[in-house]
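What follows is one structure encoded as structure tokens, with my remarks underneath.
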Protein chains: 2
Amino acid sequence: MRTRDENKIAAIKEKAIELMVSDGLDGFSIQKLAKAAGVSPATIYIYYKDKEDLIVQLSTDLTYKMLDHSMQGFDPEMDFAEGMRLQWKNRANHCMKYPLELAFIEHIRYSPLYEKTKAEMTARFKDEMGRFVHCAIKNKQLHKLPFEVYWSVAFAPLYQLIKFHSQGRSHKNEHFVLSNKLLMQTCDLVIKALTP
Amino acid sequence: MRTRDENKIAAIKEKAIELMVSDGLDGFSIQKLAKAAGVSPATIYIYYKDKEDLIVQLSTDLTYKMLDHSMQGFDPEMDFAEGMRLQWKNRANHCMKYPLELAFIEHIRYSPLYEKTKAEMTARFKDEMGRFVHCAIKNKQLHKLPFEVYWSVAFAPLYQLIKFHSQGRSHKNEHFVLSNKLLMQTCDLVIKALTP
DNA sequence: AAGATAAATGAATGGTCATTCACTTACAAT
DNA sequence: ATTGTAAGTGAATGACCATTCATTTATCTT
């Protein structure tokens, strides 16, 4: 039996991310991907059922990796402020380290393709975050709020900041840099909003 | 000279929004649009240079309309908390009133096509918001912060809340409803974070 | 060395795409 | 009523698309 070439598989994944980011969801095609990865179009169909499967698998992998990273060192029983700062640091670190992967996810985030990924991730991580919130409320470190409100105030500003930072890279004139100090300052503002 | 049929133009715009939302950026085609609008493909090219032009024009129109609405009754010299509450109300109102238009914009927001729209909108509205921020800082109603940080904390949670609300409509089990009371409560949390 | 088998391929297929163009239609001006 | 003209059309074109398949290639087992 011929052994399979892991380099090819890696090249397919890597170039898929690059192409999706540069050409957008609508400009992305299997034939272009095959050429970019130095592979026959038919080879891609050995590893993925079809184009949708490729995109969904990739987005699920990357999203999982991102969320998993954000949970490193995290414990739902943590002090609220401490837990928040840890999450902010973890998430920002990961996004800055893998800007292409972040851009890939943002490109397909509003497409119907992302629904499956989102469902899986919710199942995997919502419970842990839910316990964190519940715990913090019990300890009077957090306002009693619907989960969606908590999430919106706690994390939406973080992702917006990262987006500003990433855009700054491509545009030449303006150049917003998200330093660690600024990140933690903003996190503390958010903590202030959420603390009774 | 034959008079032009405004109904056709309106149908093209309306169906373009519907199709983009239902099929996504990648599933959207001129031929499908022509059929949905009851029009020849060639007719679309009378009003739009090409497919990109159609999408860009539409997204610019809708974004402008949305931002314009958000500025109703607004004055950069306003008291900070008052100005924030007005903006939150205006933006939420508009998004809930025209959910398809919001969905359209979110579908193309991360595509290269949106850059032109974004540049125009920044030029038009950033100045007014900048003065509001500057004024509030001067009156000691707002922390001195980079504009991006202010924006992220002040508005990212709002859009996230609206997104949760809109998603609730399609899914049957969970059903997060963004009431006016909850909206203003959350706005006040954000104000607390931003006030010295 | 030969056979078995999964990996990998290039070319082909049928479909859809954006865009164009020769043409018809409807209306305002004459 | 005739005419000029912009609005509107349907069919056609060439490019590109996702996917398949007959075939070849590389490696493991024997």
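Not measured: the values here are computed from a predicted model. Residue numbers begin at 1 in each chain, while the letters A, B, ... track the order of the sequences.
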Checklist entry - Start at the 5' end of DNA chain D and walk down; is the nucleotide closest to A:K51 or to A:T3 reached first? => result A:K51

Checklist entry - Going by modelled atom types, is there a donor-acceptor pair between the base of D:dG8 and the side chain of B:S40 at under 3.5 Å? => result no

Checklist entry - Between B:L19 (CG) and C:dC17 (C1'), how many Å, whole number? => result 15 Å

Next on the checklist: Taking the six-membered ring of A:Y98 as reference, does the cationic atom of A:K65 (NZ for Lys, CZ for Arg) lie under 6.0 Å from its centre and within 45° of its axis?
Outcome noted: yes

Next on the checklist: Rounded to whole Å, how long is the line connecting atom CZ of B:R4 with atom C1' of D:dT9?
Outcome noted: 17 Å

Next on the checklist: Tell me the interatomic distance from A:Q31, atom CD, to D:dC16, atom C1', rounded to whole angstroms.
Outcome noted: 7 Å

Item to check | Upstream residue (5' side of DNA chain C) when B:F28 and A:D5 are each assigned their closest nucleotide | outcome: A:D5

Next on the checklist: At 4.0 Å (heavy atoms only), tell me whether A:T43 reaches a base, stays on the sugar-phosphate, or touches nothing.
Outcome noted: base

Item to check | Intermediate values then yes/no, ring-ring contact (aromatic ring centres under 6.0 Å, His included), A:F147 and B:F176 | outcome: CA-CA 10 Å; A:F147 183 80; B:F176 173 72; over 10 Å; no

Next on the checklist: In whole Å, I'd like the distance from the CD1 atom of A:I12 to the P atom of C:dA7.
Outcome noted: 12 Å

Next on the checklist: Without decimals, in angstroms, what is the distance between A:L54 CG and D:dA18 P?
Outcome noted: 11 Å

Item to check | Any A:K8 side-chain N or O less than 4.0 Å from OP1/OP2 of C:dT9 | outcome: yes

Next on the checklist: Nearest whole Å is fine: how far is C:dT9 P from A:K35 NZ?
Outcome noted: 14 Å

Checklist outcome for this item: Comparing B:E6 with B:M1, nearest DNA chain D nucleotide closer to 5' gives the residue B:M1

Item to check | Any donor-acceptor N/O pair under 3.5 Å between C:dT5 base and A:R2 side chain | outcome: no

Next on the checklist: Rounded to whole Å, how long is the line connecting atom CD1 of B:I46 with atom P of D:dT9?
Outcome noted: 8 Å

Checklist entry - Separation of B:Y45 atom OH from C:dC17 atom P, in whole Å? => result 11 Å

Checklist outcome for this item: Separation between CD (A:Q72) and CG (A:L67), nearest 0.5 Å, reads 12.0 Å

Checklist entry - Base, sugar-phosphate, or nothing: which does A:Y48 touch, judged by heavy atoms less than 4.0 Å apart? => result nothing

Checklist entry - Counting any heavy atom closer than 4.0 Å, what does A:K32 reach on the DNA or RNA strands: base, sugar-phosphate only, or nothing? => result sugar-phosphate

Next on the checklist: Can you tell whether the side chains of B:E128 and B:R131 come within less than 4.0 Å, N to carboxylate O?
Outcome noted: no

Next on the checklist: Can you tell whether the side chains of B:E6 and B:R4 come within less than 4.0 Å, N to carboxylate O?
Outcome noted: yes

Next on the checklist: So, OP1 or OP2 of C:dT16: does either fall under 4.0 Å of a side-chain N or O from B:S29?
Outcome noted: no

